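For reference, the structure discussed in these notes is given below.
To find a chain, count down the sequence lines: A is the first, B the second, and so on, and within it residues start at 1. Because the structure is a prediction, the values reported are computed rather than measured. Keep in mind that the numbers below use all heavy atoms, side chains included, and drop hydrogens, waters and symmetry copies.
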Amino acid sequence: MSLIYNDDQVQLQDSAHDFLAARSPVSVQRALRDAGSQQGFEPQVWQGMVEMGWSAVAFAEEQGGLDFGFAGFAPVFEQIGRHLSASPLLSSVVLCGSLIERLGNVQQQETLLPGLISGEQRYALAIDEGARHQPQRCDAVAIKDSDGYRLNGRKRWVSDGVGADGWLVVARLENGQRGVFLLPNNVHGIQVASRSMIDSRNTAELIMDNVCVPVSAMLDAGDTEAVLDWALDRGRACLAAEMLGMCEVVFEMTLEYLKTRVQFDAPIGSFQALQHRAARLYVQVQLARSAVMAAFECLDRDSCTPQQRRRLVSLAKWKANQAAQLISNEAVQMHGGIGVTDEFDLGLYLKRIRIAQAQLGHSELHVSRYAEARLQVQ
Amino acid sequence: MSELETFRAETAAWLEANCPASMRTPMPSDEMVWGGQTLEFKNDDQRLWFERMRDKGWFCPDWPVEYGGGGLDAKQQGILTNQMRRLRCRPPQINLGIWMLGPVLLEYGSEEQKQRFLPPMARGEVRWCQGFSEPNAGSDLASLRTSAVLDGDDYIVNGTKIWTSYGNKSDWMYALVRTGPMVPKQQGISLIVLDMKSPGISVAPIDLISGKSSFCQVFFDNVRVPKSQLIGEPNDGWKLGKALLQHERRAMSKFSESALPTHFDLDEYLQRALPEPTTFEEVALHQRAVACMMDEEAYSLTNRRMADSMGARQDASGLMAISKLVHTEQEREKFELLLELLGNEALGWEGDGFASRDLELTGSWLMSFAQVIAGGSSEVQLNVIAKRVLGLPESK
Ligand SMILES: Cc1cc2nc3c(=O)[nH]c(=O)nc-3n(C[C@H](O)[C@H](O)[C@H](O)COP(=O)(O)OP(=O)(O)OC[C@H]3O[C@@H](n4cnc5c(N)ncnc54)[C@H](O)[C@@H]3O)c2cc1C
């Protein structure tokens with residue numbers, strides 16, 4: 001039970017850093033954007049991540065995983081954030097992988113997990129419908145008929161949904177409960193549209209018009225609501241770690257600029273007005289790091305109750321949101337004109353940060369979740 | 001089980017067995033126990049907890065046993081802190097000597113000084129106050145002017161100290177005095193310790209906005225202080241003073257969680273005042289209060305992380321540097337929210353019609369303004385973070 005990385009995590013961090021610095025520097029992301037890639041990530045980089053074992057980190061050995069524990073993702077996602085590296089690790093492995101692992105029956109696990117872990121297949125989670133992430137909201141429906149289920153509805157902001165081998169779609173059943181369905185990418189009746197977002201990554205909109213799937217497409221070997229909540233929390237923690245990594249890099253860039261940019265015959269970092277603001281950014285990074293570490297510590301521990309998990313994960317995502325927003329804004333401001341040029345990498349981080357803030361929950365959602373989780377404890 | 005795990009288990013068991021239940025509740029400010037010659041207890045549990053911790057050497061767990069400490073290493077100390085926090089044990093006493101002067105004596109004091117001052121300190125027998133600030137030397141402490149001039153075997157001290165917390169209730173003072181020239185001003189300063197009963201000392205309490213009077217102005221009129229009471233080398237006191245202030249920042253942030261002397265739990269008040277927020281006004285206030293609690297939790301996790309880093313012998317200086325700033329600013333923000341939650345109930349000054357606990361809250365709110373100034377104001381903390389932690393250049 002510790003809020004600092006253990007030796008194994010440090011090793012993972014170092015190897016992630018070396019790999020991403022060599023294979024996925026920010027220039028790779030920029031080139032993808034300039035080429036107008038809808039896939040939004042570099043397949044060789046993704047393949048490299050798989051070879052590094054990242055897609056297997058959190059799975060048990062009998063499932064083909066490394067059994068490292070979920071905490072292995074903390075240093076990995078932090079490094080991913082630092083390098084602004086795009087990949088389906090979050091969408092396919094963390095979110096869909098977790099759902100399949102806990103909600104899939106043995107047969108579904110056996111058919112889906114090996115391909116997911118080996119990177120040969122990738123899946124995307126289709127849950128959001130409104131403009132904001134509201135995890136309970138679900139108007140898409142799945143009606144049971146003699147052959148199986150018929151799905152209708154629209155799913156938006158599906159990360160890495162373009163070109164996925166399949167989608168895990170959340171839809172409402174006739175009894176009012178929700179179900180999770182695996183739709184293969186060759187299914188009839190689905191329209192996939194790419195949405196070009198500010199972070200230039202892969203975002204899709206799915207329109208389901210009488211999509212028919214067999215009963216066996218439903219993942220229902222567990223308590224769907226509880227597992228969804230848990231899987232989304234795993235995703236949120238990873239996203240918070242990614243944001244922490246981005247915060248640190250953006251802060252370091254800013255600090256460097258404060259030390260080197262000269263105006264009025266002095267480095268601008270000697271001006272107290274800027275020093276104090278920089279010191280406050282440092283404080284925010286530190287608070288965010290503690291919250292992120294606590295969320296992973298909880299997710300990695302069996303004794304952590306769902307309430308504790310909700311509380312700590314929402315704390316981490318909220319704090320990462322707050323810190324990232326402040327730091328990205330201040331960073332642009334303290335860079336002056338260069339901060340608003342496309343040539344400078346800062347803008348790429350700013351844009352990714354705003355997407356990450358919205359993804360899996362804005363701050364207000366997490367404040368509410370935190371409040372609810374605290375009430376449940378008493 | 002590893003040695004540390006054994007230690008953790010034993011510590012937890014010892015605390016459970018020896019910390020009375022009433023000493024594991026949040027501590028109202030009037031229930032703080034101050035060590036010293038005029039030691040007072042409000043009840044038997046306080047006395048028991050004080051005596052047991054004292055006898056265990058855990059007033060100063062990391063000091064060597066020969067000076068009355070507990071002889072714990074950094075990891076064990078971290079475990080003890082965490083276990084006390086987990087069990088919500090109150091600090092058995094508040095003692096500036098132990099928290100601030102002690103570590104400096106251990107590092108810079110002569111053997112004779114250590115033998116003379118540390119063991120009584122470790123038994124909680126002496127109450128210490130800090131004589132640093134002067135009317136014209138606050139944040140810019142090095143411009144202090146209280147003089148100490150050598151006369152035979154004594155220094156003769158003249159001048160005045162201000163904002164001396166509990167100067168009227170303390171037995172001894174550690175003070176920064178000028179033994180050398182003003183230029184450069186840092187180089188003529190020495191650290192001395194003196195008995196507050198010495199002839200020539202007079203103390204005048206100063207009323208605070210909270211209505212309390214916890215600090216004083218102290219006047220020195222030809223006070224004789226034996227030169228054996230100068231710590232370290234003459235004119236080398238600035239370095240010691242700075243070390244002392246670092247310990248002060250740590251001590252101030254030690255008052256965290258249940259150990260906080262002015263503990264008012266925002267969560268508890270929120271549930272009382274707004275059990276089910278419905279109007280926009282209530283929802284907005286609720287939202288702000290929850291965000292404040294979240295920041296408090298992020299801070300307390302940061303303390304845990306700091307203890308973990310120190311236990312692993314990693315550099316925790318950055319976390320130490322932000323601690324006082326974050327904690328005192330969060331406290332002020334929390335009290336501002338409590339004031340809004342309680343409305344006019346929290347704006348009473350005294351007398352009938354107000355719950356005494358609410359009056360205490362009002363006083364604590366006013367004291368929270370003092371905390372962001374005392375021990376180095378927030379601005380000074382930000383300067384320190386900017387320069388020492390972030391390495392930003394000096395301003396011209
Ligand atoms: C409750 C309390 C208890 C105290 N207890 C003790 C005690 O026991 N012993 C003791 O010796 N002293 C004590 N003090 C004094 C305390 O250390 C000083 O008040 C503090 O150092 C500030 O000094 P000052 O009050 O003279 O304010 P000033 O230094 O005059 O500061 C005025 C304002 O200017 C700002 N400022 C000053 N310098 C800078 C700078 N370089 N950059 C930016 N802003 C700056 C400050 O932040 C502040 O906002 C206590 C104070 C309080 C409030």
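Here the straight-line distance linking atom CD of B:Gln381 with atom NE2 of A:His276 works out to 10.0 Å at 0.5 Å rounding. Atom CZ of residue B:Arg305 and atom CD1 of residue A:Ile4 lie 9.5 Å apart, to the nearest 0.5 angstrom. To the nearest 0.5 Å, atoms CD1 (A:Ile268) and CG (B:Leu392) are separated by 9.5 Å. Atom-to-atom distance recorded for A:Lys259:NZ and B:Leu390:CG is 7.0 Å, nearest 0.5 angstrom. From A:Leu312, atom CG reaches atom CG of B:Leu301 across 6.5 Å, with rounding to the nearest 0.5 Å. Considering CH2 of A:Trp318 and CD of B:Glu297, their distance stands at 10.5 Å, rounded to 0.5 Å.
A donor-acceptor pair shorter than 3.5 Å can be found between the side chains of B:Asn383 and A:Gln272.
Within a 6.0 Å sphere centred on CZ of B:Arg313, heavy atoms belonging to other residues, nucleotides or ligands number 12 at most. Around CG of A:Asp18, the count of heavy atoms belonging to other residues, nucleotides or ligands within 6.0 Å exceeds 12. Other residues, nucleotides and ligands contribute only 12 or fewer heavy atoms inside 6.0 Å of the CD atom of B:Glu345. Environment of CD in A:Gln333: sparse, with no more than 12 heavy atoms of neighbouring residues, nucleotides or ligands closer than 6.0 Å. Within 6.0 Å of the CG atom in B:Asp140, the count of heavy atoms belonging to other residues, nucleotides or ligands exceeds 12.
Across all their heavy atoms, A:Ser290 and B:Ala298 have their closest contact at CB-O, 4.0 Å. The heavy-atom pair separating B:Met293 from A:Tyr370 by the smallest distance is O-OH, 3.9 Å. The nearest pair of heavy atoms linking B:Ala386 to A:Ala279 is N-CB, 4.3 Å. A:Ser270 approaches B:Ser395 most closely through the heavy-atom pair O-CB, 3.0 Å.
In this structure, B:Asp308 contributes its side chain and A:Leu3 its backbone to a donor-acceptor pair below 3.5 Å.
With a 4.5 angstrom heavy-atom cutoff, A:Gln322 does not touch chain B via any of its atoms. Contacts of B:Val389 with chain A are made by side-chain atoms alone, with heavy-atom separations under 4.5 Å and no backbone atom involved. Contacts of A:Tyr282 with chain B are made by side-chain atoms alone, with heavy-atom separations under 4.5 Å and no backbone atom involved.
Heavy-atom pairs under 4.5 Å with chain A were tallied for B:Gln314, B:Met294, B:Lys387; the largest tally goes to B:Met294. Considering only heavy-atom pairs separated by less than 4.5 Å from chain A, the leading option among B:Leu319, B:Leu270, B:Thr302 is B:Thr302.
With a 4.5 Å cut-off on side-chain heavy atoms, B:Arg304 and A:Glu297 count as touching. The shortest side-chain heavy-atom distance between B:Val326 and A:Gln286 does not fall under the 4.5 Å cut-off. You'll find the side chain of B:Leu382 stays beyond 4.5 Å of the side chain of A:Gln275, heavy atoms only.
The residues A:Arg280 and B:Glu329 are annotated as salt-bridged, a charged nitrogen and a carboxylate oxygen being separated by less than 4.0 angstrom.
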